[in-house]
Amino acid sequence: MAHWVLNAAEAKSAPPDYVFGALLTVVASIIGNTRWVSPWKGWVEPPVIWTICIGLPSAGKSPGIDAMLQPLRQAERPLREAAEAKHKTWDEKAEVATLREQAWKDSVKKAIKDGVTPPDRPEGCDPGPAPHTPRLVVNDATIERLGAILAQQPRGTLQMRDELAGFLEGMQRYSGGGSDRPFWLEAYGGRGFTVERMGREPLTIDRLSIGVMGGIQPDRLKGLLFKSADDGLLARFLPIWPDPAPLRRPAIWVDESLMETTLERLLTLDFVADEMGETNPRFLHFTDGAQNLMDDFRAAARGWEQQAEGLMLSFLGKLPGLAARLALVLAYLDWAAEGAEEPHEITVENFGRAAHLVEAYFVPMARRAYADAAVSKDERAARRIVASIREKGWARFTSRDVQRLDRLGLQKIAEIDPALAMLEEDDCIRAISQPAPPQGGRPQRLFLVNPALHGGGK
């Protein structure tokens with residue numbers, strides 16, 4: 001499979017990192033809810049992986065991702081064609097059912113008019129639910145639309161966004177109308193969620209399973225880092241930011257049949273039915289040796305956390321769960337590509353490869369991507385206040401003015417005051433004492449803005 005990734009990257013003139021990140025996300029999304037991993041009792045992880053490919057417009061992000069999307073859409077095609085054939089048959093059945101329904105209603109009206117007993121509703125008036133058309137990948141779908149898909153497709157799906165900036169920025173806006181953020185936080189964890197739908201019954205999804213991948217430019221990412229909430233949503237993405245690939249004409253053409261065969265085999269995975277007929281994932285448990293290795297990995301991750309702050313700290317805190325997910329994905333990638341026997345447990349070899357991948361590759365990538373956000377919560381709040389001062393053109397303001405903006409990390413006085421103290425210490429603002437209000441109470445604190453701040457200072 002490594003050879004295929006390298007060939008696909010060369011054929012697309014893209015760094016192999018982008019192809020590899022897309023490979024992990026696509027494979028994880030196809031496994032979906034059919035297989036989950038359990039390091040030990042009480043701890044389960046779905047194979048949900050989100051990747052964010054970082055680079056300039058010419059870095060090859062989209063071509064690298066397309067190397068995986070093309071065989072994914074090819075694998076989806078026969079599923080869609082089969083569904084469309086069923087839908088054609090259903091359309092004919094629905095048309096006949098509509099005519100029967102209308103004829104029955106007419107006979108009921110006539111019976112009521114004639115004062116006789118109305119006839120019973122005949123069979124064949126209900127064509128049943130329309131066949132579902134599988135969607136292994138969707139673009140820019142609303143959570144209502146995703147809910148409708150997942151209600152019919154419990155395996156899960158993949159959300160692909162060529163530009164993730166808009167997708168992520170939309171989650172930064174908290175308003176009276178709510179936010180998509182809770183949906184996505186649950187989707188990463190594979191938990192259940194009820195999707196409210198205007199004018200229709202709500203949809204309850206037992207296990208959300210949605211992979212996410214896309215690209216972003218470094219400047220857009222930097223802006224997001226300081227707008228991001230402290231709930232760790234952005235830290236759930238695997239950042240991939242390689243050096244640009246050399247500019248050269250491709251000398252080879254990748255054999256797509258290997259990947260198409262791999263994805264087709266992954267699509268044969270099915271759920272496990274219990275004695276009540278309900279379908280559930282099959283859980284792959286860690287062997288004793290893999291559990292011991294997880295203990296060592298968790299201890300190492302805890303050590304890395306001691307030297308991190310901000311978004312990097314949040315990213316590191318999720319590494320044990322991420323490593324467990326990667327162990328499952330890599331094990332099934334081997335199974336699907338090599339035709340071996342299906343794995344039934346996570347071995348030392350499975351988890352060892354995943355842990356090494358995380359430590360040697362994804363942690364350094366995260367340090368590069370999240371370096372600008374590796375600051376304390378108070379400093380992030382201070383930077384948000386500076387951005388607000390410049391945006392509003394304030395020459396003076398109060399802490400209440402900041403709070404009224406209702407922005408992430410600046411919604412409580414307890415979040416605002418430490419940031420204001422930091423800005424005072426750096427001579428960005430200066431506090432002016434105000435007289436107490438006539439009705440009593442604490443005097444309002446007014447802050448004067450250093451004019452240099454509007455000239456790009458701090």
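We use all heavy atoms of the structure for the numbers below, so side chains are in, but hydrogens, waters and symmetry mates are not. This one's a predicted model, so the numbers in the text were calculated from it and none came from an experiment.
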Donor-acceptor pair, [X] side chain versus [Y] backbone, under 3.5 Å?
{"X": "Asp426", "Y": "Cys428", "answer": "no"}
{"X": "Asp378", "Y": "Pro418", "answer": "no"}
{"X": "Thr157", "Y": "Arg135", "answer": "yes"}
{"X": "Glu338", "Y": "Trp335", "answer": "no"}
{"X": "Asn139", "Y": "Met160", "answer": "yes"}
{"X": "Lys61", "Y": "Gly55", "answer": "yes"}
{"X": "Tyr18", "Y": "Ile54", "answer": "yes"}
{"X": "Arg390", "Y": "Leu453", "answer": "yes"}
{"X": "Gln159", "Y": "Gly211", "answer": "no"}
{"X": "His454", "Y": "Trp394", "answer": "yes"}

Would you say the side chain of [Y] lies within less than 4.5 Å of the side chain of [X], judging by non-hydrogen atoms?
{"X": "Val212", "Y": "Phe167", "result": "yes"}
{"X": "Leu158", "Y": "Leu136", "result": "no"}
{"X": "Pro218", "Y": "Trp241", "result": "yes"}
{"X": "Phe351", "Y": "Phe297", "result": "yes"}
{"X": "Arg325", "Y": "Glu45", "result": "yes"}
{"X": "Gln74", "Y": "Gln70", "result": "no"}
{"X": "Thr34", "Y": "Arg155", "result": "yes"}
{"X": "Met312", "Y": "Val363", "result": "yes"}

Kindly compute the distance separating [atom1] ([X]) from [atom2] ([Y]), expressed to the nearest 0.5 Å.
{"X": "Leu423", "Y": "Arg383", "atom1": "CG", "atom2": "CZ", "value": "11.0 Å"}
{"X": "Glu10", "Y": "Leu6", "atom1": "CD", "atom2": "CG", "value": "9.0 Å"}
{"X": "Trp36", "Y": "Arg207", "atom1": "CH2", "atom2": "CZ", "value": "6.0 Å"}
{"X": "Gln403", "Y": "Thr398", "atom1": "CD", "atom2": "OG1", "value": "9.5 Å"}
{"X": "Ile385", "Y": "Lys392", "atom1": "CD1", "atom2": "NZ", "value": "14.0 Å"}

Counting only heavy atoms from other residues, nucleotides and ligands, does the tally under 6.0 Å from [atom1] of [X] exceed 12?
{"X": "His3", "atom1": "NE2", "value": "no"}
{"X": "Asp219", "atom1": "CG", "value": "no"}
{"X": "Glu349", "atom1": "CD", "value": "no"}
{"X": "Arg430", "atom1": "CZ", "value": "no"}
{"X": "His132", "atom1": "NE2", "value": "yes"}
{"X": "Glu425", "atom1": "CD", "value": "no"}

[Y] versus [X], side-chain donor and acceptor atoms under 3.5 Å:
{"X": "Thr51", "Y": "Thr25", "result": "yes"}
{"X": "Arg220", "Y": "Gln217", "result": "no"}
{"X": "Glu186", "Y": "Trp184", "result": "no"}

Chi angles and distances behind the side chain to side chain contact (heavy atoms under 4.5 Å, CB included) call for Leu238, Leu322: CA-CA 9 Å; Leu238 287 177; Leu322 170 64; 3.2 Å; yes
Going by an N to O cut-off under 4.0 Å, is there a salt bridge joining [X] and [Y]?
{"X": "Arg404", "Y": "Asp401", "value": "yes"}
{"X": "Arg353", "Y": "Asp334", "value": "yes"}
{"X": "Arg368", "Y": "Asp243", "value": "yes"}
{"X": "Arg265", "Y": "Glu342", "value": "no"}

[X] versus [Y], closest heavy-atom pair with distance:
{"X": "Ser13", "Y": "Ala245", "value": "O-CB, 4.2 Å"}
{"X": "Phe315", "Y": "Ala235", "value": "CD1-O, 3.3 Å"}
{"X": "Leu79", "Y": "Ala75", "value": "CG-O, 3.9 Å"}
{"X": "Ser399", "Y": "Asp417", "value": "CB-OD1, 4.5 Å"}
{"X": "Ala323", "Y": "Ala354", "value": "O-CB, 3.4 Å"}
{"X": "Gly317", "Y": "Pro320", "value": "O-CD, 3.8 Å"}

So Leu150 and Leu208, side chain to side chain contact (heavy atoms under 4.5 Å, CB included) or not? Walk me through it. CA-CA 7 Å; Leu150 296 178; Leu208 290 174; 3.6 Å; yes
The side-chain contact (heavy atoms from CB on, under 4.5 Å) partner of Tyr332 among Leu330, Leu328, Val329 is Leu328
Just one of Ile210, Ile205, Val138 clears the side-chain contact (heavy atoms from CB on, under 4.5 Å) bar with Ile149, so which one? Val138
CA sep, side-chain torsions, deciding dist, call: Thr347, Thr287, side chain to side chain donor-acceptor pair (under 3.5 Å): CA-CA 6 Å; Thr347 65; Thr287 63; over 6 Å; no
Test side chain to side chain contact (heavy atoms under 4.5 Å, CB included) applied to Glu345 and His285, step by step: CA-CA 5 Å; Glu345 59 186 4; His285 300 276; 5.6 Å; no
Name all pairs fulfilling the ring pair (Phe, Tyr, Trp, His ring centres under 6.0 Å) condition that reach into residues 50-77, sequence neighbours left out, sorted by first residue then second. Trp50-Tyr188, Trp50-Phe237
Evaluation steps, side chain to side chain contact (heavy atoms under 4.5 Å, CB included), between Trp304 and Glu359: CA-CA 10 Å; Trp304 302 333; Glu359 181 176 0; 3.7 Å; yes
